[in-house]
Amino acid sequence: MEFVILNGNIINRSEASIDIEDRGYQFGDGVYEVIRVYNGKMFTAQEHLERILLSAKKIGMEITFTVEEMKTLLAELIQKNNVQLGTIYMQFSRGVSPRNHPFPVPAVPQSFVAYTKEIVRPLANLENGVKAILKDDIRWLLCDIKSLNLLGNVMAKQEAVAAGCYEAIQHRGDIVTEGSSSNISIIKDGKMHTHPADNLILNGITRRKIIEVCEKGSIPYVEAAFTLADLENADEVFLSSTTSEITPIVEIDGKQVGNGMPGPVTKKIQVLFDKEIETECGSLTANMK
């Protein structure tokens, strides 16, 4: 990662610096996205960039870059860093101003940062599945905004890691919401169930693609809240995110999910999702797998 984007300019990482009074650093006052890169191309870039504009709007911040301008900059950064398989992280904060809770008036220039990271596909997890724990969802009630405020997510993820698991499945009372860094779906009697895209979850881009491939693949699905009992009695459970793709969950709180192996519907969704990647970014060759 030799090059990064800082405020619209591609510069050497060693030359990049952020002011100590940046509101992203002091208040988490900003929004972010992570976009997957396959074959040197961004996957679902349009959807991610439209979402960051929407997240910014929801916190009263108008991003000054258009989707096409961001696409051009990010594609150039990927090329300069020669990333074939990885991710690109980007964030906008409300900018630099003397520390004060209210938004600065007049508005100050936003801070825009982006960088790349080489990441292989999590093939062992995709094939074998992962373990998870259950965790009370203690986050704020605007989870549809992909904000920089991630401490609740971080604490849940750390608890999962400390328990030797990959993910924490969060719930508000009896209702399952989402993972600490993923969306959670279940399969029961061949039908996929996913929490509706309201303020209690982030409407994941991978989640949206899963719904698309379910429609294409004639897999029945429902967007409706499901309970802890539904989760416990599910035939299959999987998590989905930009970096984890569609990862089966085979154990929750030490209890086996289904037969303890990735299920047939989840596997079918994985195959259909791979086809979406190949359509947009080219063949998933042996060295990428």
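No experiment lies behind these values; they were computed from the predicted model shown. Heads up: numbering here begins at 1 and tracks the sequence.
Residue Lys188 qualifies as enclosed at atom NZ: its count of foreign heavy atoms under 6.0 Å is above 12. Within 6.0 Å of CD on Glu69 lie more than 12 heavy atoms contributed by other residues, nucleotides or ligands. Other residues, nucleotides and ligands contribute only 12 or fewer heavy atoms inside 6.0 Å of the CD atom of Gln79. Within a 6.0 Å radius of CZ in Arg172, more than 12 heavy atoms belonging to other residues, nucleotides or ligands are found. Around the OH atom of Tyr115, the shell of radius 6.0 Å holds no more than 12 heavy atoms that belong to other residues, nucleotides or ligands.
The CG atom of Leu77 sits 11.0 Å away from the CD atom of Glu2 when rounded to the nearest 0.5 Å. With rounding to the nearest 0.5 Å, the separation of CG in Leu150 from CZ in Arg139 is 9.5 Å. Summarising the geometry, atom CZ belonging to Arg94 is positioned 4.5 Å from atom CD1 belonging to Ile59; distances are rounded to the nearest 0.5 Å. Between Glu236 atom CD and His193 atom NE2 the span is 11.0 Å, to the nearest 0.5 Å. Leu74 CG to Met90 CE: the interatomic distance, rounded to the nearest 0.5 Å, is 5.0 Å. Distance check, rounded to the nearest 0.5 Å: NZ of Lys267 to CD1 of Ile269 gives 13.0 Å.
Tyr166 and Thr247 are not linked by any side-chain donor-acceptor pair at a separation below 3.5 angstrom, with hydrogens and angles left out of the test.
Put simply, Val250 and Ile133 are part of two different groups of oily side chains (I, L, V, M, F, W, Y) that touch within less than 4.5 Å, one to the next. A single hydrophobic cluster is seen to contain both Val37 and Ile10, as judged by linkage of ILVMFWY side chains at heavy-atom distances under 4.5 Å, directly or through other members. Neither Phe92 nor Val96 shares a network with the other; the hydrophobic side chains, linked directly or stepwise wherever heavy atoms of I, L, V, M, F, W or Y lie under 4.5 Å apart, form separate groups for each. Hydrophobic cluster membership is shared by Tyr221 and Val265, with clusters built from Ile, Leu, Val, Met, Phe, Trp and Tyr side chains linked at under 4.5 angstrom. Two different hydrophobic clusters hold Ile205 and Leu200 under the rule that ILVMFWY side chains link at heavy-atom gaps under 4.5 Å.
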Criterion salt bridge (charged side-chain N to carboxylate O under 4.0 Å, His left out) on Lys209 and Glu212, from CA distance to verdict: CA-CA 5 Å; Lys209 275 292 177 185; Glu212 287 182 24; 3.3 Å; yes
Full working for salt bridge (charged side-chain N to carboxylate O under 4.0 Å, His left out) between Glu280 and Lys41: CA-CA 8 Å; Glu280 191 166 339; Lys41 300 177 182 179; over 6 Å; no
Run the numbers on Asp189 and Lys191 for salt bridge (charged side-chain N to carboxylate O under 4.0 Å, His left out), then give the verdict. CA-CA 6 Å; Asp189 298 328; Lys191 179 184 288 187; over 6 Å; no
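Phe238 places a side-chain heavy atom less than 4.5 Å from the side chain of Met192. Taking the side chain as every heavy atom from C-beta outward, Gln46 and Glu50 approach each other to under 4.5 Å. The shortest side-chain heavy-atom distance between Leu148 and Asp29 does not fall under the 4.5 Å cut-off. Two residues are said to be in side-chain contact when any heavy atoms from C-beta on lie closer than 4.5 Å; Lys255 and Glu232 meet this criterion. Taking the side chain as every heavy atom from C-beta outward, Asp274 and Gln270 never approach each other to under 4.5 Å. A heavy-atom distance below 4.5 Å is found between the side chains of Val4 and Ile11. Residues Met155 and Ser180 fail the side-chain proximity criterion, which asks for heavy atoms closer than 4.5 Å. Side-chain contact check for His195 versus Asn183: every heavy-atom pair is 4.5 Å or farther apart.
A salt bridge is defined here as a Lys NZ or Arg NE, NH1 or NH2 lying under 4.0 Å from an Asp or Glu carboxylate O, and Glu33 with Arg51 meets this definition. Salt bridge present: Lys71 and Glu68 bring a charged side-chain N and a carboxylate O closer than 4.0 Å. The residues Glu47 and Arg208 are annotated as not salt-bridged, no charged nitrogen and carboxylate oxygen being separated by less than 4.0 angstrom. Ion pairing of Glu276 with Lys216 is present here, as a side-chain N (NZ or NE/NH1/NH2) and a carboxylate O approach within less than 4.0 Å. Using a cutoff of 4.0 Å between basic side-chain nitrogens and carboxylate oxygens, Lys157 and Glu167 are scored as salt-bridged.
When all heavy atoms of Phe43 and Ile35 are compared, the closest pair comes out as O-CG2, 3.7 Å. Smallest separation of non-hydrogen atoms from Thr243 and Arg36: CA-NE, 4.1 Å.
Under a 4.5 Å side-chain heavy-atom cut-off, the cluster of Ile, Leu, Val, Met, Phe, Trp and Tyr residues that includes Leu202 has no other member.
In this structure, His101 has its ring center under 6.0 Å from that of Phe27.
Cation-pi geometry between Lys268 and Phe273 is not satisfied (NZ or CZ under 6.0 Å from the ring centre, within 45° of the ring normal).
Remark: Val237 engages Ile184, Ile186, Leu231, Ala234, Ile249, Ile252, Val257 in a side-chain contact (heavy atoms from CB on, under 4.5 Å) (not counting sequence neighbours).
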